[in-house]
Number of protein chains: 2
Amino acid sequence: MAKKTTIYDLAKKLGVSPATVSRSLNEHPSISIKTKERVLKAAKETGYRINKFASNLSLQKSNTIGVIVPRLNSDFMSTVLSGIEKMVNEAGYNLIISQSLELEAKEKINAKTLFESGVDALLVSLANETEDYDHFTTFTERKIPLLFFDRVFDMPNCPTIIIDNQLAGLEATEHLINQGCQNILHVSGNLKRSVYNLRYKGYRRALEKHGLKGCENLVQISNFKPESVQSVIQYISTSSAPIDGLFVSNDSFAVYCIKALTKKGYRIPEDIKVIGFNNDPVSEVINPELSTIEYPGYKMGVLAGQSILGHLGGSIDIESADQIIIKHKLIIRESSQKCN
Amino acid sequence: MAKKTTIYDLAKKLGVSPATVSRSLNEHPSISIKTKERVLKAAKETGYRINKFASNLSLQKSNTIGVIVPRLNSDFMSTVLSGIEKMVNEAGYNLIISQSLELEAKEKINAKTLFESGVDALLVSLANETEDYDHFTTFTERKIPLLFFDRVFDMPNCPTIIIDNQLAGLEATEHLINQGCQNILHVSGNLKRSVYNLRYKGYRRALEKHGLKGCENLVQISNFKPESVQSVIQYISTSSAPIDGLFVSNDSFAVYCIKALTKKGYRIPEDIKVIGFNNDPVSEVINPELSTIEYPGYKMGVLAGQSILGHLGGSIDIESADQIIIKHKLIIRESSQKCN
DNA sequence: AAATTTTACGTAATCGGTTGCATAAACAAT
DNA sequence: ATTGTTTATGCAACCGATTACGTAAAATTT
């Protein structure tokens, strides 16, 4: 067990004060080059490592950024995280990642823990369940930068990073309409979450715009778990007016739907045209390939990282809450092709 | 800006010593119930939050566990992480996650940072590139529990969590042989990583066992990136003895291969039977559905979490390096079916 | 050479909890 | 009533780094 070296050990060894050692190690200007080099040399020799606990206590900062996401194991989320991690890591920050598992209670606990851990900033994508946001005021009160991405909530002075979900929903639906669909079912997530709510609004606006108000109520709320495909299929197969278009707010679930529908004898896109959301890798694997909305996760992560670093570095005024809207893109593949 | 409360503030307010406050807050036995309740009440009222920096410094532990993975955004890895996070979070630990991006240099930096951050334990899945392991000795020297999972390396006193990759490789290959394949190409990852190396060994052993030593050298090393599919296709289409079986050490890459082969006019499984590895969700989406080896990521994460918690809690002797081998399973789907 | 400025470093307080040791008060035992 | 135990709490050192403030020595100016 190697004993650990402190700046006091180094100070004693070199016959200088701990302050001098600390300054040497931190590139303080008023230290002679000679002394600095002696200290650096000794530090290397003894294998000195800074004690972050002490440093953090003294500096009141941790160089750590907290993240709360609904779950880690989704293609989209892990891609966003990958982008965040890359950015903040390059800037010398560590990432503490925790998952709410879509539970408000766990989100609250995580927020508390991260606060106590002394994170310098917090990035959040909300749980489906969350309705109360008090657990975040602790951060805003202490002026700890707080940023929401994807599943956002509008808090004062909190930047958000999203795509224009309503427009995307509108474009997706409109695309189906343009391909000839008249009776479009929308499968959405929890409407409490703005991502889903806005896509739903976009869906309705598209119907309105094209005079298809008749099918306004064709909405199924789903948790997007594989087992809930059945209720969608059930709905489609028992619908009085036959469904000819399906707009699913989630690619993997759209894929499950396609598989189940195909098994049931429906032809995609001949009988039902389908469009998903996210452009997950699976959308290119399924047959027919799935039309979808590109949702640039990595870019979102990178921007989230950059934004929060800007706030931490002071280069962005903390009071100026920026709302970053990332460009999405309609991706047309086979699953929504018009068939003559 | 809410001012923060310290135990000194509470002490002054209640007319007791900081020590008493600290003890009250930590369920110390020798504090009267009355005092304890007064302290707890005052703590709640003032919104007292412990300062982990100070606590960590004093206790020399952070309640934080570090993780280094090649990349976050892979289905397998994010699933493992999800399992780890769940376990350690329940035990009150936070997870600092960093990615090496398959680069030895970044892995070294990450290890250093995590060490300095004072993580109580480290979980690692190695980068493809890594050949030198000095950056981990810092941890073992200081008796900080170190555990490898999936991409492991055998260090003294470090538990590892893996599956029996050689057996899995053997079973996968043998399955293809049993389906009638005579000329099996194996697409592997970097052979420096034992996961790939062992699967390769299993592949060779299967060939040997079945007297197919002829195709022993049919191995392609790949980085599994989409763009490298071409070189595999190239290899197959120019091979003098026609390839009739394909064992790919990675599901998503197997999927890319199937798509590319199909486009080239090969029929799967009639012309070439394919088996992958991991049982990623995509394997059930591709047409034909992909035979594969089930690799239980979530379980691996949970076990990794449990194991490291055992070491931290002292319930497992730190000197006893356990090697946990998780059961895998051959999953037979359409892509490898014998056709009459 | 004296006065002034600059350079280089030390002193000591501080960050906020934790805890071994000491002690006063309350209680029990003789 | 005296001594011995418990119980409840305080004192003060400690964890290790940072930094405002002060100062002696060196460099510069007059």
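Since the model is a prediction, treat every value here as computed from it, not as a measurement. Throughout, a chain's letter reflects where its sequence line sits, starting with A, and its residues are numbered from 1.
The residue A:Gly118 sits apart from the nucleic acid: no heavy atom pair falls under 4.0 Å. Across all strands, B:Val21 comes closer than 4.0 Å to no nucleic acid atom at all (heavy-atom distances).
Minimum atom distance to the side chain of B:Ser22 is reached by C:dG17, of the listed D:dA17, D:dG10, C:dG17. Each of D:dG10, C:dG10, D:dG16 was ranked by its minimum atom distance to the side chain of B:Ser17; first place goes to D:dG10. Checking C:dC9, D:dT19, C:dG16 against the side-chain heavy atoms of A:Gln60 singles out C:dG16 as nearest. Listed nucleotides C:dG17, D:dT18, C:dG16 differ in distance to A:Leu59; the shortest reach to its side chain belongs to D:dT18. Among the nucleotides C:dC15, C:dG10, D:dT9, the one closest to the side chain of B:Thr20 is D:dT9. Checking C:dC9, C:dG16, D:dG10 against every side-chain atom of B:Thr6, the shortest atom distance belongs to C:dG16. Residue B:Ile50 has its side chain nearest to C:dG17 when only C:dG17, D:dA17, D:dT9 are considered.
Remark: P of D:dG10 and NE2 of B:His28 are 13 Å apart, rounded to the nearest angstrom. Put simply, CD1 on A:Ile31 is 16 Å from P on D:dA26, counting in whole angstrom units. A:Lys52 has its NZ atom 11 Å from the C1' atom of D:dA17, to the nearest Å. In this structure, CG of B:Asn51 is placed 17 Å from P of C:dT14, rounded to the nearest angstrom. Protein atom NZ of A:Lys12 is 13 Å distant from nucleotide atom P of D:dA17, rounded to whole Å. Distance B:Ile7 CD1 to C:dT14 P: 16 Å, rounded to the nearest Å. B:Ile33 has its CD1 atom 8 Å from the P atom of D:dA8, to the nearest Å. In this entry the distance linking CG of B:Leu57 with C1' of C:dC15 reads 9 Å, nearest Å.
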* To do: Go ahead and write out DNA chain D as dot-bracket, 5' to 3': ( ) for pairs within the strand, [ ] for ones crossing earlier pairs, | when the partner sits on another strand, dots for unpaired; Watson-Crick or G-U wobble, both distances under 3.5 Å.
  => ||||||||||||||||||||||||||||||

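Contact of B:Arg49 with C:dG17 (side chain to base): no donor-acceptor pair of N or O atoms is detected under 3.5 Å. Counting distance only, with no hydrogens placed and no angle test, the side-chain atoms of B:Arg23 and the base atoms of D:dG10 include a donor-acceptor pair under 3.5 Å.
Note on A:Ser58: every side-chain N or O is 4.0 Å or more away from OP1 and OP2 of D:dT19. The side chain of A:Asn26 places an N or O atom within less than 4.0 Å of a non-bridging phosphate oxygen (OP1 or OP2) of D:dT18. The shortest distance between the side-chain N/O atoms of A:Ser55 and the OP1/OP2 oxygens of D:dT18 is below 4.0 Å.
Using a 4.0 Å cut-off between a side-chain N of Lys or Arg and a carboxylate O of Asp or Glu, B:Glu85 and A:Lys106 qualify as a salt bridge. Between A:Lys4 and A:Asp9 there is no salt bridge, since none of the side-chain N atoms of the basic residue sits less than 4.0 Å from a carboxylate O of the acidic one.
Between the side chain of B:Gln60 and the main chain of B:Leu57, a donor-acceptor pair closer than 3.5 Å is present. A donor-acceptor contact shorter than 3.5 Å links the side chain of B:Thr6 to the backbone of B:Tyr8.
Taking CG of B:Asn223 as the start and CG of B:Asn190 as the end, the distance is 10.0 Å to the nearest 0.5 Å.
Using the six-membered ring where Trp is involved, A:Phe153 and A:Tyr133 have ring planes that are parallel, under 30° apart on the 30 and 60° scheme.
If you look at B:Phe148 and B:Phe136, their ring centroids are closer than 6.0 Å.
Each of A:Ala54 and B:Tyr8 was matched to the nucleotide of DNA chain D holding its nearest heavy atom; the match closer to the 5' end belongs to B:Tyr8. Toward the 5′ end of DNA chain C lies the nearest nucleotide of A:Pro29, the other residue of the pair A:Pro29 and A:Pro18 mapping further downstream.
The stretch residues 34-43 of chain A comes close to DNA chain C through A:Thr35, each having a heavy atom under 4.0 Å from the strand.
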N/O donor-acceptor pairs under 3.5 Å from side chains in residues 122-129 of chain A, not counting sequence neighbours:
from	atom 1	to	atom 2	distance (Å)
A:Ser125	OG	A:Phe149	O	3.1
A:Ser125	OG	A:Arg151	N	3.4
A:Glu129	OE1	A:Glu104	N	2.9

Result block: side-chain N/O donor-acceptor pairs under 3.5 angstrom for residues 31-42 of chain B, not counting sequence neighbours:
from	atom 1	to	atom 2	distance (Å)
B:Ser32	OG	B:Thr35	N	3.2
B:Ser32	OG	B:Thr35	OG1	2.6
B:Arg38	NH2	B:Leu14	O	2.9
B:Lys41	NZ	B:Glu45	OE2	3.3

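By the ring pair (Phe, Tyr, Trp, His ring centres under 6.0 Å) test, A:Tyr93 pairs with no residue at all, sequence neighbours left out.
Sorted pairs that involve residues 45-69 of chain A and meet ring pair (Phe, Tyr, Trp, His ring centres under 6.0 Å), not counting sequence neighbours, are lacking altogether.
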